[in-house]
Structure formats: structure tokens, C-alpha cells
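Working notes, beginning with the structure itself.
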Amino acid sequence: MANLGNPPIQNKSDLKRFESELTLQERLPEHSILDVFINTAERTPDATAISMLMTGKTGENPRNISYKDLLGQIRRAANLFTDIAGTGPGVAFMLPALIETHVTLWGAETAGYAVPINFLLQPESIAELIRASDAKILVALGPHPQLDIWEKAVTIRENIPGLLLLRISPPGTPPVKSVIDFDSALMAQPETHLIFDQVRGGADVAAYFHTGGTTGVPKLVAHTHRSQLVAAFGGATMCGYKPDDILTATFPLFHVAGTIVAGLSGFMAGIQLLVMTPAGLRNPSVVANFWQLVSNHKVTLIAGVPTAIGAVLQTPLGNQNISTVRAGLTGASLLPPSVGQKFKDTTGCVLFEILGMTEASGLVSIDPPFGQGRTGSVGWALPYTQVEVHKLNSDETIGEVCSTGEIGVIIICGDHLSPGYNDELHNNGVFIKNMLNSGDLGYKDAEGCLYVAGRSKDLIIRSGHNIDPTMIENAMSTHPAVALAAAVGMPDPYAGELPMCFIQIHEGVVISLDELMDYAQKNIDERPAWPKIIQIVDAIPLTSVGKIFKPSLRCEAAKLIVFKLLHDELGLPNAHVDIVAGGARGLKVDVVLSAKDQLSISLVTEALDAFQFDSSVQVEKDST
């Protein structure tokens, strides 16, 4: 049984003490994911593992499942998958947040391996991922009034011969030919033992997660049992999870945040997950009733992506008693300082940042919630792992370690690292001699705390959703009028970033923005990747070796948004704006107001603080 230590980790010296007391193997003897559930069920069999809300209404009674029953359901699922598909099957699933989703995920990892799928993807891309993973089973949500998961699943099954389709639907749903009803098939299996001998664990693959969007070739990251266990252990210890904790589980389970830090880490510590409806914080009822739900269910930890937490902070606290809340947890994108401050003003607690990465089995570093909290920091590396900031050499190889405060590329080492992508060609430049090149830029302070400064790999992060810009660029470049396309993240106070695409048109060709936008929406697979703005330019800037120079484009995108804010929304046409790439958060925005607008300085500062870039506001000096 995992030894999570006591007292909880608060700072760097605590972390060093924790690592020196016992080895990782002594603290984490578990060999398989199933061991986590066996151990917790033995320790607290009747404790609630998951509370499931379906509507988000304040008077709703949740559906609860204990650790003992959850273990039984996981065994049943593993037995079912093995029974219908043989030894070690790959199990893909397209499911919102449900108790059954956890049963499917952990049952799949016990029997074979899981392939969590973002059900917002188009059927063609989902089929590509399933083929690339060699999954034999697809578990999908049945017909639903708001979601088209089932329709996609049927289409996918038609295009993948031999794929076994299981449906999760309410009791009494009419049967469908050649479709297995998940619930009835599950209950036909034993819950006390496994029907197969080859129990997976250690270096066996536990899951394939897709990452970075789809760019023609699916990019699947392998997790092993050991890598997930080490990551989950790190999450449980750094977050200081205790058995009496109740965590708002709002991340989807096709995302590593929902699987590890808000999933397996919690189960390892025996906490209770409060699943806030299948749609999570996308459910308007949950947002409107959030603080009353937190009060009613005595939540101790509020977790969510920055945009979602920003949304619930718009809901007045009123007279709700939220004294049980001890901290907030956020990740998946940079936290705007204004959201962190508003969370503290509202709850009296700090919103702590987490750095995760699919290639590191979901977790890299955590600012520990039992500590004081450091604004803008993602804390320290997980126990028994290492994170360093290195210089990049001119040939893009990894150089020496950076000095304190110096920005470089974040490099990760440890047993939580993925063994690589299922297509080994993707490993080049990412997995290097037992190291992971995150592609993220960052720096450390004097205490060794890590800060993220930008992304050298150019991902656009929209509300925690990773968008590979090449997906947009590849699609737009197929238009006969387009000579060159470049997509960047455009700053947004709510989503963090929104995709913007710069287009260079072939000489002599005339085309409208409406035509380009229509083409984008028809040819870009992921709806979140549809450009919010398309801008036609005379020439896209290139480096001396012919690569697109994106820093200047990011500056242009930011300038567009800041000018609109100042001139159109705040009525300050005389404001001067200077934007440069770099700094602690990737972009530095300097605004100079005219002397007659000096009373607006606090208004402008507050508006700019909602963005993720660094900013300053000054008043021009009087020339007289």
C-alpha cells in the first residue's frame, strides 16, 4: 500500500526530507493499477469513492459508489473485455464523465489497455486513432438528446471491421442488433476475482492517450502501469490528499488531468470525487449553482481549468457556507493572475497551479496546496523525479542547465515518463536518453520553483484544449488560393488563447475572408481549432532557413486584440501599444496612455490582467 507520508509537503525542504526517508519502491510497492483499488478497498471499503451528479440542480441526490463496489465493477469490466475480445484487448471509449467511465477506463487497463477518445473529434479522426491503437472494443454512450456520440460510434463501427461495440444507456433502452449492452454484460461477470491469469502491471502498456490534436497521422502516447502509478503517487503526495477530502471532478476522462491528478491520485489516497454532471463545468446549471453545490456536498478541493474556474467566479457566492474548502487546483493552461486573485478574494483560499503533460503520464510539477502558494509558479517536480531548465543549442540540441531566472526549455526525467509514442518516428527530439523535452519554456527561482514562460512547440491552448497549429495550417494550405498559412494563439481573457490564422494568398488571386472561413470550418477536423479570426497578409515572415517566424505573428495577434480593447471597448484612441515576444509569460505588452487619459490607468490595468501575458501601463510624460 502506497505510503504517502505525513506531515504533508509544503516546501522544498519537506520534499527533500520526504525523498530521503524512504526509496520510491518502499513508498510505492503497487505493481498494477488494480492494486490501487484493491488496497483502498481493503483500507476503507465503505467509504464513498465517487458521487455522481446528473443535473447540477441544488436538491439532487447524488448516485454514490463505495470503494468496495468500485473495485468489484472494475473487476467485472476487466472480465467482460477479456471474455469478448481475448487476452490483453485494447478498449477505446467515447464517454462523458460518468461512474461507468471510470469503470471502463480502469477495467480496460486491468484487462489490456485503454484508449480514451475525445468524442468531440470527427468520426474519421476517431477511426484513425482506433486503428492506430489496434483497439478491439469501443464503449460508447447511447443515443442522447444533446450529444452525437452514438451516431459517431455507429459510423466508426461500420468502417472498422470486427470492432466490438458496447453501449452505455439508461435501463430499459431497447436493444440493438450486434451491439452489446454494457450494463447487462457487466453484471454477468464475477466481481470477486479475475477470470484470466495474465494480470498486467509494471512496464505493460496501460493506455494510449492522443495528444496535440490530429494532423493526418494519429499521435498516441503510451502510458505504462508504472508510469501512471508514479505520476499518481506524486499527485497524491504533492496535493496532500487525505481520506476526508472531497474534490470537484470536472476534467473529462479523455484528458490526463481527469485520469491522474483528479482520478488515480485521489483513489490512491482514498478521497471522494464529486463528479459535477457528465458535462462538468460546461453545464450551465452547475455554473449557476456552483457555490451551493460546494456547500451542500462539503467540498474541500475545487479543481478545474482556469477558464472554467473563471466562469464560476462570475457566480455570486451569496450566503453559501464554503468553509470546508481548503484550496483550489488548476492546470492545463496558464492561470491569469486576475483569476487567481478573484478565487482568493471569493474563497479565502489559494488557487494552486499544476503542470501536466501527457508524455509524463499526466503530471510534471505541483505547487503544493499545503504550502503558501507562489503566484505564477507550477511548484516543484513530483517526488523522485527531476525537472530542469536547459539552454537550447543553436542546432536545437539540449545545452547546459540555465541559471536562476534564466529562461530555457523544460526537461523532465523520472519513472513517470511515457515509453514514447506508438509511432516511434514521433519520438525524435522529444524523448532523448531517458529525458523528455517538454517543448515548454520556463525558468526557476532561487527556491527551485518552476515557472512556465511559453511554448516552443507552438501549441495553442484553448480552455485547456491542446490544438496543434499544423492541423489548421495543413487544412488551409490545401485551398488553391492559399500560398502559405500560419496559425498562432490569439490572447483571450476567457479561453486563454483562441486560434488565429494568417494567410498569404497566391499573387493575382482574389478571395474573401468569408470564403476562407467557410473552407476552414469544412476542412479542419476539430471544431475548437476553427480560427476565430483569419487575416490575409502580404507576406508571412520567415526565418533565414525558410521557417515561419511565429513570434512576430503572435505579437500581431496580441496587438489586434489589445488595440480593440483599448480603442473600441475602453474608448482610448490615443493609447500607444508596444508588444514584444519573450518575458516570463511569452509576451510583454506595454501600454502608454496620454496625459488626459491618466484616470483610466487602473481600468486598463484591470482589463489587461485578465490575459495571460505580462503587461504594464504608464502615462506619457508631459513634454512641457
Which heavy atom of His390 sits nearest a heavy atom of Cys402, and at what distance? C-SG, 3.5 Å
Walk me through whether Leu436 and Ile411 qualify under side-chain contact (heavy atoms from CB on, under 4.5 Å). CA-CA 6 Å; Leu436 172 61; Ile411 302 296; over 6 Å; no
Any idea how His479 and Tyr519 line up, ring-wise: parallel (<30°), tilted (30 to 60°), or perpendicular (>60°)? perpendicular
If only side-chain N and O atoms count, and only distance matters, is there a donor-acceptor pair under 3.5 Å linking Asp514 with Ser512? no
In terms of relative ring orientation, are His210 and Phe254 parallel, tilted or perpendicular, with 30° and 60° separating the classes? parallel
Using the test side-chain hydrogen bond (donor to acceptor under 3.5 Å, both in side chains), find all partners of Glu406 that sit at least two apart in sequence or belong to another chain. Ser403
Residues at least two apart in sequence or cross-chain that pass salt bridge (charged side-chain N to carboxylate O under 4.0 Å, His left out) with Asp578, listed by chain then number, are none
Restricting to non-hydrogen atoms, name the atom on Cys555 and the atom on Leu587 that form the minimum distance, rounded to 0.1 Å. SG-CD2, 3.9 Å
Taking the side chain as every heavy atom from C-beta outward, state whether Leu566 and Val577 have any pair of such atoms under 4.5 Å apart. yes
Side chains of Ile536 and Leu513, heavy atoms from C-beta outward: is any pair under 4.5 Å? yes
With sequence neighbours excluded, tell me which residues meet side-chain hydrogen bond (donor to acceptor under 3.5 Å, both in side chains) with Asp14. none
List for me each residue that meets salt bridge (charged side-chain N to carboxylate O under 4.0 Å, His left out) alongside Glu569, sequence neighbours excluded, and say none if there are none. none
Results of salt bridge (charged side-chain N to carboxylate O under 4.0 Å, His left out) for Asp614 - residues two or more places apart only: none
Please tabulate, one pair per line, all N/O donor-acceptor pairs under 3.5 Å involving side-chain atoms of residues 597-609, not counting sequence neighbours.
| from | atom 1 | to | atom 2 | distance (Å) |
| --- | --- | --- | --- | --- |
| Asp597 | OD2 | Ser594 | OG | 2.9 |
| Thr605 | OG1 | Ile601 | O | 2.8 |

Ile398 versus Asn437: any side-chain heavy-atom pair under 4.5 Å? yes
Does the side chain of Met435 reach to within under 4.5 Å of the side chain of Cys413, using non-hydrogen atoms? yes
Which residues pass the salt bridge (charged side-chain N to carboxylate O under 4.0 Å, His left out) test with Glu556, not counting sequence neighbours? none
Let me check something: any side-chain donor-acceptor pairs from residues 369-383 under 3.5 Å, sequence neighbours excluded? List them with distances.
| from | atom 1 | to | atom 2 | distance (Å) |
| --- | --- | --- | --- | --- |
| Arg374 | NH1 | Asp445 | OD2 | 3.2 |
| Ser377 | OG | Gly379 | N | 2.9 |
| Ser377 | OG | Leu450 | O | 3.0 |
| Trp380 | NE1 | Glu447 | O | 3.0 |

Does any pair with a residue in residues 335-344 pass side chain to side chain donor-acceptor pair (under 3.5 Å), and if so which ones, sequence neighbours excluded? Gln341-Asp345
Pairs where residues 569-615 contributes a residue and the test ring-ring contact (aromatic ring centres under 6.0 Å, His included) is met, not counting sequence neighbours: Phe611-Phe613
Is there a side-chain contact (heavy atoms from CB on, under 4.5 Å) between Cys349 and Phe343? Walk through the geometry before answering. CA-CA 7 Å; Cys349 302; Phe343 184 88; 4.2 Å; yes
Got a donor-acceptor contact below 3.5 angstrom from the Thr237 side chain to the Gly234 backbone? yes
Under the side-chain contact (heavy atoms from CB on, under 4.5 Å) criterion, do Val452 and Tyr443 qualify, and how do the steps go? CA-CA 7 Å; Val452 178; Tyr443 63 95; over 6 Å; no
Can you confirm whether Lys588 sits close enough to Ser616 that some side-chain heavy atom of one is under 4.5 Å from a side-chain heavy atom of the other? yes
For Asp518, all residues meeting side-chain hydrogen bond (donor to acceptor under 3.5 Å, both in side chains), sequence neighbours excluded: Lys522
Does the Asn427 side chain pair with the main chain of Tyr421, one donor and one acceptor, at a distance under 3.5 Å? yes
Using the side-chain contact (heavy atoms from CB on, under 4.5 Å) rule, take Val325 and Ile302 through it: C-alpha gap first, then chi angles, then the decisive distance, then the call. CA-CA 7 Å; Val325 175; Ile302 294 172; 4.1 Å; yes
Shortest non-hydrogen contact between Leu498 and Ile460, atoms and distance: C-CG2, 4.3 Å
Answer yes or no: is there an ion pair linking Arg462 with Glu497, defined by an N-O contact shorter than 4.0 Å? no
For a quick test of reading the model, state the closest non-hydrogen atom pair linking Asp538 to Gln504 and the distance between them. O-CG, 3.6 Å
With sequence neighbours excluded, tell me which residues meet side-chain hydrogen bond (donor to acceptor under 3.5 Å, both in side chains) with His416. none
